[in-house]
J.: 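Starting off with a structure, shown below.
Every chain is numbered from 1 and lettered A, B, ... according to where its sequence line falls, protein lines coming before strand lines.
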2 protein chains.
Amino acid sequence: MTSDADPRFLRSREAILNAARELLLESGPTAVTHVQVAERAGVGRATVYRHWPQAEPLLVEAMATVPMPFLDKPTVPTREWLRRELTAIARQLDLDDVRAVSTTLANTALWDEDMDARRAQFAGILTTRLAAALDDAQARGEITLALASQDAAAMTIGPMYYRSTIERAPADPALIDAAVNALGTWAAG
Amino acid sequence: MTSDADPRFLRSREAILNAARELLLESGPTAVTHVQVAERAGVGRATVYRHWPQAEPLLVEAMATVPMPFLDKPTVPTREWLRRELTAIARQLDLDDVRAVSTTLANTALWDEDMDARRAQFAGILTTRLAAALDDAQARGEITLALASQDAAAMTIGPMYYRSTIERAPADPALIDAAVNALGTWAAG
DNA sequence: CTGCAATGAGTCAAGTTGTCTCATAGAATC
DNA sequence: GATTCTATGAGACAACTTGACTCATTGCAG
């Protein structure tokens, strides 16, 4: 039997990951230590060390358990789809755990290679998905883009992210509409 | 003589703040400990404890020594002023220390009251300055705003901030133009 | 030159970290 | 149900860190 199929192993693993996620959410990334995780998870300290000898990869994995906002498969009309998706992202960013993970990712990625890889992957998915959806929309005549489609993610998600993490307020529908309209000229629907 | 005018006191204080800032920039907020700061500053460990009994207020003050991007006094035409200011902000955000301070502020503010106060102050200045400048511009007939002037900071600085901290790439002039144009309809200049 | 206050070096107890050992008990195999 | 394997919790342990304190030294102002 490989150890990673042992129910005891999996139970410990889940308890540890949950505890780490809760600690991150409640007290920040510095609270994710072997001792605190062990206490919260109701698991021996040695068990945490056995599963994750380093605290940092544990933090990385715990962060990965938080469902982050991504762009759903595009539908037509693209304008409505984008409005819906941005509204969903704004609502997600209003959740404490998503905000904690986002800002921790942006911050720790500056000094940690693993975190930076996660950041790059996350950013890349959003940028390419949105760019592809907008290129298609333009090919379909739905919009005349006012900027490179690769800039669309920054132009639309940027305001939601700034509103949530720097201004710490919810994004209003007017801000979302403004972001959607900033991408170019939408054909009259 | 009050202690805070003693040259020895001021020298130590400066050396400590510089060391803390360097450590933050090079290795992140967790590196700002009494021991590491003392070593880097070339002062005794006890001296650091005397100046800052807690490491966290030291981090806060060290971050305050990094010149953050703010909006300069508005000039006319407002559109050109804004383009210039956003270009300056984008360039600033490309500097490692500004990025480190920004993301550390956004992250630690989630769990630390002092940091949150700094974040709120910083965000408030940008939001109100830009809103005032745009309200004036609209009164002058330079622009017809497409959103509440309080949303302008998120709409313009947001994309630069996202580009710098999440996508980790420089902001191109096209993105800046798109952000400026997103605010409303500018009168033909 | 004198008095004062900040400093560096050092000591210390308490707490933390990472490693290891071993008896126990949960899980699969026969 | 008995047997075997292996993850686990508890605890011991040395190395290190933390925060507080002491004291001789040294830079500074009058």
J.: Do the rings of A/Tyr161 and B/Tyr161 sit parallel, tilted or perpendicular, given the 30° and 60° boundaries?
T.: parallel
J.: Please report, rounded to the nearest Å, how far the P atom of D/dT18 is from the CH2 atom of B/Trp52.
T.: 18 Å
J.: State whether a side-chain donor-acceptor pair under 3.5 Å links A/Asn107 with A/Arg119.
T.: no
J.: In residues 57-64 of chain A, what residues come within less than 4.0 Å of DNA chain C, judged by heavy atoms?
T.: none
J.: Just N and O in the side chain of A/Ser12: are any of them under 4.0 Å from OP1 or OP2 of D/dT8?
T.: yes
J.: Of all of residues 13-32 of chain A, which get a heavy atom below 4.0 angstrom from DNA chain D, listed by number?
T.: none
J.: Is there a donor-acceptor pair closer than 3.5 Å between any side-chain N or O of A/Ser164 and the backbone N or O of A/Leu93?
T.: yes
J.: If you look at every heavy atom in A/Pro159 and A/Ala154, which pair is closest and at what distance?
T.: CD-O, 3.6 Å
J.: Can we say A/Asp94 and A/Arg91 salt-bridge, meaning some charged N sits less than 4.0 Å from an Asp/Glu carboxylate O?
T.: no
J.: Starting from C1' on D/dA10, measure out to CD on A/Glu39 and report it in whole angstrom.
T.: 14 Å
J.: Bend angle of the helix from C/dC1-D/dG30 to C/dC30-D/dG1 from five-pair axes at both ends, rounded to 10°?
T.: 30°
J.: OG1/B/Thr156 to CG/B/Leu130 distance, rounded to the nearest 0.5 angstrom?
T.: 5.0 Å
J.: Show the nearest heavy-atom pair for residues A/Ala106 and B/Ile166, with the distance to one decimal.
T.: CB-CD1, 4.0 Å
J.: Kindly give the heavy-atom pair with the smallest separation between B/Val32 and B/Leu59, and that separation in Å.
T.: CG2-CD1, 3.9 Å
J.: Roughly how many Å is it from NE2 in A/His51 to C1' in D/dT6, rounded to a whole number?
T.: 12 Å
J.: Expressed as a whole number of angstroms, how long is the span from A/Asp6:CG to D/dT4:C1'?
T.: 13 Å
J.: Where the side chain of A/Thr127 meets the backbone of A/Ala123, is there a donor-acceptor pair that is under 3.5 Å apart?
T.: yes
J.: Determine which pairs satisfy side chain to side chain donor-acceptor pair (under 3.5 Å) with at least one residue from residues 66-77 of chain B, sequence neighbours left out, and list them in order.
T.: B/Thr75-B/Arg84
J.: Using atom CD of B/Gln36 as one end and atom P of D/dT17 as the other, report the distance to the nearest whole Å.
T.: 10 Å
J.: Is there a side-chain contact between A/Arg11 and the phosphate of C/dA27, meaning an N or O under 4.0 Å from OP1 or OP2?
T.: yes
J.: Which letters describe nucleotides 9-21 of chain C, given B = protein heavy atom under 4.0 Å from base, S = only from sugar-phosphate, - = neither?
T.: B-B-----BBBB-
J.: Could you tell me whether the side chain of B/Arg21 reaches within less than 4.5 Å of the side chain of B/Asp97, counting heavy atoms only?
T.: no
J.: Return the minimal non-hydrogen interatomic distance between B/Ala187 and B/Gly141, and the atom names on each side.
T.: CB-O, 3.5 Å
J.: Identify each atom pair where a protein N or O and an N or O of nucleotides 23-25 of chain C are less than 3.5 Å apart, giving names and distance.
T.:
none

J.: Indicate yes or no: does B/Arg129 engage B/Glu85 in a salt bridge with an N to O separation below 4.0 Å.
T.: no
J.: Which heavy atom of B/Pro69 sits nearest to which heavy atom of B/Ile89, and what is that distance?
T.: CB-CG1, 3.9 Å
J.: Going by the angle between their ring planes, with limits at 30° and 60°, are A/Phe9 and A/His51 parallel, tilted or perpendicular?
T.: parallel
J.: Is the backbone N or O of B/Val180 less than 3.5 Å from a side-chain atom of B/Trp186, with the two atoms forming a donor-acceptor pair by type?
T.: yes
